[in-house]
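Below: the structure, in structure tokens.
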Amino acid sequence: MLDIPIVYDGTIAGVVCHEHVGSPRQWTSAEQDFSALIASDISLSLEIDRRKAIETNLEHQAQHDALTGLPNRSLLIDRIDQEIKHARRSGSLLAVLFLDLDNFKQINDSFGHLVGDALLVSISGKLKGVLREGDTVSRLGGDEFSIVLTDLEREEDIDEIANKILTVIQQPLTIEDRELFVTTSVGIGVFPEDGDTLEVLLRNADAAMYRAKERGRNGIEFYTEDMTVRALAKVTMIANLKRALVNDEFEVYYQAQYNIDDRELIGLEALVRWNHPELGLISPDQFLPAAEESGLIVALDRWVMRTALGQIQQWRAQEVPAPRVSLNLTMQQIDQEGFLEFLTELIEQTGCRKDAIGFEITEGQLMTNPERTIELLRVIHDLGIEIAIDDFGTGHSSLAYLKKFPVDTIKIDMEFITGLPFDEDDVSIVRTIIALARNMGIDVLAEGVETEAQFNFLLDAGCSLVQGYLLSRPQPASLVFAAAWPVVSQSSSAAESS
Ligand code: C2E
Ligand code: CA
Ligand code: CA
């Protein structure tokens, strides 16, 4: 037998074997050379295939995101240049959507990167499912995605697809037996009016996405020119916020909460304000998204807590009968290492009773990681601190979880109060929430009550806890008890003292 090895990728992958049947014989050098040539030719062609595969793979890797397999920014730019040329010739619309998940960081922080990764893969699958042939979805990095829609005839088509995206994303996902809830904010730039290169369109869609975040997330915004200025401002916002914390530029306002059955002041909600040295009073909607995104919210809310508890201590010293003060907290805060120590220490230092404060957490935040939330809130609730679900009705919570959360109060979101008593949908939603709360033995509070008609509807419907401009606006601590007692007799003309 004459065996010559075939070498492939540095190892012997096989042999070229010549067999002579009969009496043994020597192989001539010509025969040996011939066999060696065949073996080396095979090795060579295998090697060429291997390199080609490597090159193709490298090319693919260079143009795709390793985790989701979606095109990356560089492939996107390649493809979209072509699409933009096509849109220019055909006069059709092209839209660039910029997506940023709303609560990815929280999920990543509490469940770990593997779950975060699995979530991103699952989201990319959902996105591909919504799109038409010819549309391109790509991952820009982190929890940011971009979608390019082509061959559109009307702007309404863009709106329709974007809404479809919101809907599929907010369906719960099951990863490692956990139910996860995510939402996304979408900004949109349209060719040709919002830019004629992908770069500009993406940048403008990004600015629009920030507006969607500011407007409460889980929403869609089309780009408008004034957003560029705001996006620039955003870059300096975080630095400004840090400086503001150091310089003590924040202030806590308090808004009264009443029981309208017996006309009793039952609570004060602490609402942060930014007293900017040049810009004046800035409302939280303008700076909280940046504070949350940068993690500064943890320090800011601790400042609010310290200030509010200090205020309670002061009121007690002055023998002012202050009711419970509600603090708005993020789950990020409560899940922070050392939060319980911070809280108990603060309570001790200020000598506040635990029933002197309550926490408000939005429904959306509670539902991001419900199992973990239940665990964390139990501990706090067991300390004797009351918990309210804020913005109820907007955060798709499930009844199964609602029963398990240790909550004392549901705050019906202002969105549903606005239409009372005429809007039929609002009426039935509010009645349903009131009935639900009653059945579960939970208090229900309506926020954003601005008119007497709303007030009377609520009184009638059995919602006796109320908060809103009609009764009292948020005001600085010095003015909360300055009005004649009881403050409830204030009319709708009471003005925010700022
Ligand atoms: P929220 O917790 O839902 O607070 C109620 C918001 O509605 C407040 O806005 C309040 O001023 C406003 N409001 C109250 N009554 C009425 C009314 O009758 N009509 C209208 N149109 N608005 C009314 P604000 O103070 O601008 O706060 C906005 C949001 O920012 C709050 O919504 C809360 O989610 C957040 N926030 C405020 N302070 C803090 C804080 O210290 N920490 C954290 N994490 N979030 C805060
Ligand atoms: Ca609140
Ligand atoms: Ca609210």
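No experiment lies behind these values; they were computed from the predicted model shown. Atoms within a ligand are numbered from 1 in the order they appear, just like the ligands themselves.
Ligand-side atoms of ligand 1 in range of E450: 17 (C), 18 (O), 19 (N), 20 (C), 21 (N), range being under 4.0 angstrom from any heavy atom. Below 4.0 Å from some heavy atom of L288 lie the following atoms of ligand 1, by number and element: 30 (O), 35 (C), 36 (N), 45 (N), 46 (C). Close approach of ligand 1 to E269 (heavy-atom distance below 4.0 Å) involves ligand atoms 2 (O), 4 (O). Using a 4.0 Å cut-off to heavy atoms of D285, the atoms of ligand 1 that qualify are 28 (C), 29 (C). Proximity to V304 (heavy-atom distance under 4.0 Å) selects the following atoms of ligand 1: 41 (O). Interface of P474 with ligand 1, defined as ligand atoms under 4.0 Å from a residue heavy atom, comprises 11 (O). Near D391, with a cut-off below 4.0 Å to any heavy atom, the atoms of ligand 1 are 3 (O).
Residue contact annotation: N328 places an N/O/S atom under 3.0 Å from the Ca ion (ligand 2). Residue side and main chain included, E269 places an N/O/S atom under 3.0 Å of the Ca ion (ligand 2).
Residue contacts with ligand 1 leave out Q333, since none of its heavy atoms falls under 4.0 Å from the ligand. Not a single heavy atom of E292 sits under 4.0 Å from any atom of ligand 1.
The nearest N/O/S atom of E360 to the Ca ion (ligand 2) is OE1. Restricting D390 to its N/O/S atoms, the shortest distance to the Ca ion (ligand 2) is reached by OD2.
No salt bridge links R178 with E371; every basic N to acidic carboxylate O contact stays at or beyond 4.0 Å. The pair D206-R203 does not count as a salt bridge, with every side-chain nitrogen at least 4.0 angstrom from each carboxylate oxygen. Between K213 and E221 no salt bridge is recorded (no basic side-chain N to carboxylate O distance below 4.0 Å).
Looking at Y469 next to ligand 1, an N or O pair under 3.5 Å apart turns up.
Ring geometry for F287 versus W274: interplanar angle over 60°, hence perpendicular rather than tilted (30 to 60°). Relative ring orientation between F250 and W303 is described as tilted, the plane-to-plane angle lying within the 30° to 60° band.
Proximity of T362 to ligand 1, defined as any heavy-atom pair under 4.0 Å, is not found for any part of the residue. Residue V449 touches ligand 1 through its backbone alone, judged by heavy-atom distances below 4.0 Å. Residue E447 touches ligand 1 through its side chain alone, judged by heavy-atom distances below 4.0 Å. With a 4.0 Å cut-off on non-hydrogen atoms, R273 touches ligand 1 through its side chain and not its backbone. If you look at D301 next to ligand 1, the close heavy atoms, those under 4.0 Å, all belong to the side chain. Contacts between D390 and ligand 1 below 4.0 angstrom, taking non-hydrogen atoms only, involve the side chain exclusively.
Considering every non-hydrogen atom in both R431 and A461, the closest pair reads NH1-CB, 3.9 Å. The two residues F416 and V430 make their nearest non-hydrogen contact at O-CG2, 3.6 Å. Minimum interatomic distance between V480 and Q475 (heavy atoms only, all atoms of both residues): CG2-O, 3.9 Å.
To the nearest 0.5 Å, the span separating NE2 on H381 from CZ on R378 amounts to 10.5 Å. Note that CG of L445 is 12.5 Å distant from CG of D408, once rounded to the nearest 0.5 Å. The line from CD1 of I385 to CG of L329 is 9.0 Å long, rounded to the nearest 0.5 Å.
Side chain of Q365 to backbone of M331: a donor-acceptor contact under 3.5 angstrom is found.
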